[in-house]
Amino acid sequence: MSSPVEITLKNMQFHVRVGVLPHEAEFSQPLEVDLTVWATAPVNGAVSVDYRDLYALARDVIAQQPLRYLELIAQRIVSAALTRPQISAARAAVRKPSVALPGPLDYAEVVVQEGVRE
């Protein structure tokens with residue numbers, strides 16, 4: 001078996017309703033997603049992962065609005081990625097740049113990683 005190949009889609013950007021506060025469920029705001037997968041080739045084959053499929057699975061999870069928790073979004077993206085036959089591990093980082101806190105903050109980020117990187 002070949003070593004896994006690491007593939008990352010960095011800083012996918014979506015405009016969604018996300019959060020637990022009343023105004024967050026009503027008004028859209030930016031959400032950023034990084035998705036990294038580790039893929040292995042089938043026996044006597046080459047690693048082949050369609051980037052469009054990876055983007056679509058993130059987009060489809062995010063389309064299930066309104067969204068409340070970054071943790072759940074990241075978990076659902078990772079779970080969807082792991083349903084692909086060549087993917088043995090996945091990591092999703094979900095960032096929310098607009099967070100209602102009383103001081104300066106670049107963003108809030110949640111990272112979920114699952115699977116075996118062989």
Side-chain angles (χ1 to χ4, degrees):
M1 181 178 271
S2 64
S3 296
V5 173
E6 183 177 318
I7 301 164
T8 300
L9 297 182
K10 193 76 161 177
N11 205 28
M12 294 180 275
Q13 297 182 10
F14 304 93
H15 209 70
V16 298
R17 291 172 292 155
V18 58
V20 296
L21 300 175
H23 74 276
E24 293 175 317
E26 190 174 339
F27 300 104
S28 295
Q29 58 186 300
L31 190 71
E32 302 167 349
V33 177
D34 300 339
L35 174 59
T36 300
V37 298
W38 287 265
T40 53
V43 176
N44 297 324
V47 173
S48 176
V49 175
D50 189 336
Y51 304 155
R52 294 169 298 182
D53 180 49
L54 296 178
Y55 183 89
L57 72 85
R59 181 200 61 220
D60 291 349
V61 166
I62 293 189
Q64 299 172 27
Q65 294 184 49
L67 305 163
R68 293 179 55 83
Y69 300 102
L70 301 184
E71 298 85 344
L72 186 55
I73 298 166
Q75 182 62 56
R76 287 180 178 168
I77 291 170
V78 165
S79 294
L82 289 173
T83 65
R84 291 359 188 225
Q86 288 183 286
I87 295 176
S88 60
R91 175 188 184 275
V94 179
R95 285 181 300 285
K96 185 176 170 184
S98 302
V99 181
L101 293 176
L105 178 74
D106 285 341
Y107 55 81
E109 179 179 65
V110 171
V111 177
V112 172
Q113 182 170 324
E114 286 188 19
V116 178
R117 299 182 317 190
E118 301 168 9

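The analysis underlying the following values was restricted to heavy atoms, covering all of them including side chains, and did not include hydrogens, waters or symmetry mates. Computed from a predicted model, the values in this text were never measured in an experiment.
Between Leu9 atom CG and Tyr51 atom OH the span is 8.0 Å, to the nearest 0.5 Å. Here the CD atom belonging to Gln29 is positioned 8.0 Å from the NE2 atom belonging to His15, to the nearest 0.5 angstrom. The distance from the CG atom of Leu67 to the CD1 atom of Ile62 is 7.0 Å, given to the nearest 0.5 Å. Met12 CE to Ile77 CD1: the interatomic distance, rounded to the nearest 0.5 Å, is 6.5 Å. Atom OG1 of Thr40 and atom CD of Gln86 lie 6.5 Å apart (nearest 0.5 Å). Atom-to-atom distance recorded for Ile87:CD1 and Leu57:CG is 7.0 Å, nearest 0.5 angstrom.
Looking at residues two or more places apart in sequence or on another chain, you find a side chain to side chain contact (heavy atoms under 4.5 Å, CB included) between Glu6 and Thr8, Thr36, Trp38. Under the ring pair (Phe, Tyr, Trp, His ring centres under 6.0 Å) criterion, Tyr69 pairs with no residue, sequence neighbours left out. Remark: Leu105 pairs with Val99, Leu101 by the side chain to side chain contact (heavy atoms under 4.5 Å, CB included) rule, at least two apart or across chains. Looking at residues two or more places apart in sequence or on another chain, you find no side chain to side chain contact (heavy atoms under 4.5 Å, CB included) involving Glu26.
Note on Val16 and Tyr55: same hydrophobic cluster, where clusters join Ile, Leu, Val, Met, Phe, Trp and Tyr whose side-chain heavy atoms are under 4.5 Å apart, directly or indirectly. Cluster membership check: Val111 does not share its hydrophobic cluster with Leu82, using side-chain heavy-atom separations under 4.5 Å among Ile, Leu, Val, Met, Phe, Trp and Tyr. Criterion: ILVMFWY side-chain heavy atoms under 4.5 Å apart, direct or through other members. Under it, Val33 and Leu72 are not part of a common hydrophobic cluster.
Across Arg17 and Ala25, no two heavy atoms sit closer than the pair CD-O, 3.1 Å. Nearest approach of Ala74 to Ala92, heavy atoms of both residues: O-CB, 3.8 Å. Residues Val49 and Ala39 approach most closely at CG2-CB, 3.6 Å, considering heavy atoms. In plain terms, the two heavy atoms of Asn11 and Asp34 that are nearest each other are N-OD1, 2.6 Å. Closest of all the heavy-atom pairs between Pro97 and Pro30 is CD-O, 3.5 Å.
Contact of the Leu31 side chain with the Ile73 side chain is registered, since non-hydrogen atoms from C-beta on lie closer than 4.5 Å. Residues Leu70 and Lys96 have side chains in contact (heavy-atom distance under 4.5 Å, counting atoms from C-beta outward).
The salt bridge (charged side-chain N to carboxylate O under 4.0 Å, His left out) pairs that include a residue from residues 102-113 are Arg95-Glu109, where partners are two or more places apart or lie in different chains. Judged as a salt bridge (charged side-chain N to carboxylate O under 4.0 Å, His left out), not a single pair has a partner in residues 63-73 (not counting sequence neighbours).
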